[in-house]
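This report refers to the structure that appears directly beneath it.
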Amino acid sequence: MRLIVHLTLLWLALLLAGCGSVIDADQARICRDVAPALHDEKVSIDEVSLTPVPGTDGLRLAYRARLGSRAVPHWIVCTFAGHTGAARATLTGVNTDTGPLSEVKLYIIMRWWLSAAPDRASPPALFPLSPRQAYWLQQAINGTTLAGIYGLVATGFALVHGLFGRVNLAFGEIAVTGGVYMLVAVGIAGMAGRLGPADLIMAAAAGIIGSISISWLVGRFVVLPLASPSSPPQGMLIATIAVAIVLAEAARITAPLRVNWLPPLLNIPIPLAGDGGFVATVTAAQMLAAGMSLTGASILLGLMGCTRFGRAWRAYADDPLMAALLGVRVPALRSGTFLIAGAAAGLAGAVSVVAYGTVQPGEGLAITLKALISAIIGGIGSVPGAFLGAVIVAGVEIVWSASFDIVYRDLVTYALLAAFLVLRPGGLLNNAAPRVREF
């Protein structure tokens with residue numbers, strides 16, 4: 001239990017590191033490009049800080065203008081036309097420590113300087129690595145997000161299959177719907193002003209709550225009626241596929257009526273390791289997505305391993321009749337399972353939005369298949385196995401994409417599934433049902 005607490009605190013530290021400053025990357029680039037225009041070409045600009053200006057659509061850049069051994073501190077405040085859409089990249093004013101720029105100077109900077117701003121030298125990497133090592137470090141960083149998304153959705157498969165011996169194929173679209181709800185909440189929050197950490201947290205919470213609601217409704221009115229031992233497993237598969245299609249079509253039809261992209265927040269690259277040949281970078285958005293994924297995984301593992309709910313779930317999964325006779329409240333256990341599975345799927349959707357900026361209608365099918373493969377490889381019905389399988393699937397995808405033709409990536413992943421079903425149908429943790437036809 002103490003180890004889980006320590007891991008959770010570590011992941012929360014990653015989450016807070018990613019959420020410490022919410023800055024639009026395009027606005028940050030424009031403001032950084034303005035500073036050199038205010039000084040002689042021999043002056044070098046050393047950035048000190050870049051922070052949002054509370055209550056406005058502006059950024060404050062503090063820097064030192066260095067000429068030889070002399071460095072003079074300065075600051076500028078760049079104001080933009082808005083915080084969403086094309087207006088967020090339209091510079092409307094620049095204030096400096098010596099006074100605001102005139103309209104003529106601002107026009108000259110916008111018309112001739114920003115349209116052909118010279119490339120800025122990237123800051124040095126934090127750690128030296130060879131280009132090959134830095135390249136694989138970058139692939140590992142990229143694979144963390146994939147493993148988190150697959151693992152969280154695979155948890156939903158594991159939880160439901162552990163109780164009912166059936167597969168709910170709607171979890172991928174439930175995750176996508178949670179991402180859509182998050183984007184809707186971002187759009188609503190954006191109408192009130194610049195997005196901040198609290199707005200992102202509330203938007204993610206809205207997406208997770210939406211996924212929880214859908215998961216509970218699907219569980220109550222689709223899964224339970226079809227989960228009886230007398231019902232064939234094909235009925236559950238067909239019904240949940242129908243639910244997935246409904247959710248995907250609802251997201252597609254409503255797409256023109258809402259915001260479909262998260263503004264480019266938290267995605268300013270930070271050089272991490274490498275040299276001049278190749279430098280591995282990480283963004284605050286990637287750190288935030290990793291923190292969300294790993295926090296969710298730690299909480300789920302702790303919930304299943306150290307709480308009364310986890311003990312009741314394991315008892316019911318082993319012997320439903322005996323668990324009921326020993327006092328396990330079966331209706332509450334089932335409802336709690338649907339709620340937790342929905343929360344995991346909603347968190348996966350929020351991670352996808354934070355890391356990639358959006359989710360697309362119909363994208364849930366690919367997530368469903370990869371997450372189901374993860375659950376089967378790890379041992380379907382096992383929560384730790386779901387995350388173990390997700391790491392394997394994401395690792396295979398990343399390694400193959402980095403080393404071979406990406407066209408064959410999914411072919412290799414599905415071939416891996418076939419190999420496990422033939423050679424080890426129980427998965428790595430040997431918790432799957434022995435009858436492969438049930439899948």
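In terms of heavy-atom proximity, Ala289 sits nearest to Thr145 at CB-OG1, 4.3 Å. Across all their heavy atoms, Leu226 and Gly235 have their closest contact at CD1-O, 3.6 Å. Of all non-hydrogen atoms in Gly389 and Ile377, the two that sit nearest each other are CA-CG2, 4.3 Å. Contact detail for Leu61 and Tyr63: the closest heavy-atom pair is O-CD2, 3.8 Å. Closest non-hydrogen pair, Ala394 versus Leu146, comes out as CB-CB, 4.0 Å. Contact between Arg220 and Pro225 at its shortest, heavy atoms only, is O-CD, 3.7 Å.
Under the ring pair (Phe, Tyr, Trp, His ring centres under 6.0 Å) criterion, Tyr181 pairs with no residue, sequence neighbours left out.
By the 6.0 Å contact criterion, OH on Tyr414 is enclosed, its count of non-hydrogen atoms from other residues, nucleotides or ligands being greater than 12. Around the CZ atom of Arg314, the shell of radius 6.0 Å holds more than 12 heavy atoms that belong to other residues, nucleotides or ligands. Within 6.0 Å of CE in Met110 there are more than 12 heavy atoms belonging to other residues, nucleotides or ligands. Around atom CZ of Arg64, no more than 12 heavy atoms belonging to other residues, nucleotides or ligands sit under 6.0 Å away. Within a 6.0 Å radius of CZ in Arg329, no more than 12 heavy atoms belonging to other residues, nucleotides or ligands are found.
Annotation: the span from Ile201 atom CD1 to Met292 atom CE amounts to 9.5 Å, rounded to 0.5 Å. Within the model, atoms CG of Leu200 and CG of Leu262 stand 6.5 Å from one another, a figure rounded to the nearest 0.5 Å. Annotation: the span from Thr144 atom OG1 to Met287 atom CE amounts to 12.5 Å, rounded to 0.5 Å. Separating the CH2 atom in Trp216 from the CG atom in Leu339 is a distance of 8.5 Å, to the nearest 0.5 Å. Note: Glu173 CD to Glu249 CD = 9.5 Å, rounded to the nearest 0.5 Å. The distance from the OG atom of Ser102 to the CD1 atom of Ile108 is 7.5 Å, given to the nearest 0.5 Å.
Counting only distance, with no hydrogens or angles, the side chain of Ser374 and the backbone of Lys370 share a donor-acceptor pair below 3.5 Å. In this structure a side-chain-to-backbone donor-acceptor pair under 3.5 Å is missing from Ser215 to Ser211. Between the Thr92 side chain and the Thr79 main chain, a donor and an acceptor come within less than 3.5 Å of each other. Formation of a donor-acceptor pair under 3.5 Å by the Trp400 side chain with backbone atoms of Asp410 is not found in this model. Panel note: side chain Trp313, backbone Leu159; a donor-acceptor pair is recorded below 3.5 Å. Thr240 contributes a side-chain N or O that, together with a main-chain N or O of Leu237, makes up a donor-acceptor pair within less than 3.5 Å.
When each of Thr281, Val354, Ile270, Asn142 is checked for a side chain to side chain contact (heavy atoms under 4.5 Å, CB included) with Gln286, only Asn142 meets the rule.
You'll find the side chain of Leu38 reaches within 4.5 Å of the side chain of Ile109, heavy atoms only. Under the 4.5 Å side-chain criterion, counting only non-hydrogen atoms from C-beta, Gln360 is not in contact with Asn260. Within the 4.5 Å cutoff, the side chain of Leu372 has heavy atoms near those of the Leu169 side chain. Under the 4.5 Å side-chain criterion, counting only non-hydrogen atoms from C-beta, Ile340 is in contact with Phe309. For the pair Ile141/Leu272, a side-chain contact is recorded, criterion being any heavy-atom separation below 4.5 Å from C-beta on. Side-chain atoms of Leu416 and Ile373, non-hydrogen and from C-beta on, never get closer than 4.5 Å to each other. Contact check for Val94 versus Leu106: side-chain heavy atoms found under the 4.5 Å cut-off. The shortest side-chain heavy-atom distance between Val160 and Val167 does not fall under the 4.5 Å cut-off.
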Next item on the list: Give the intermediate values and the outcome of side-chain contact (heavy atoms from CB on, under 4.5 Å) for residues Thr155 and Phe171.
Entry: CA-CA 10 Å; Thr155 299; Phe171 274 121; over 6 Å; no

Next item on the list: Report the C-alpha distance between His74 and Ile76 in whole Å, list the side-chain angles of each, state the deciding distance to 0.1 Å, and finish with yes or no for side-chain contact (heavy atoms from CB on, under 4.5 Å).
Entry: CA-CA 7 Å; His74 292 283; Ile76 60 173; over 6 Å; no

Item checked: Trp136 and Ser403: CA distance, side-chain angles, deciding distance, side-chain contact (heavy atoms from CB on, under 4.5 Å) verdict -> CA-CA 10 Å; Trp136 285 109; Ser403 305; 3.2 Å; yes

Margin query: I'd like to know whether Tyr107 forms a side-chain contact (heavy atoms from CB on, under 4.5 Å) with Trp112, so could you lay out the CA-CA distance, the side-chain angles of the two residues, the decisive distance to 0.1 Å, and finally the verdict.
Written below: CA-CA 8 Å; Tyr107 177 79; Trp112 284 283; 3.9 Å; yes

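Side-chain contact annotation: Arg334 with Tyr316, donor-acceptor N/O pair under 3.5 Å present. Of the N and O atoms on the side chains of Glu397 and Tyr150, at least one donor lies less than 3.5 Å from an acceptor on the other residue.
When ring centroids are compared, Phe221 and Phe338 stay outside the 6.0 Å threshold.
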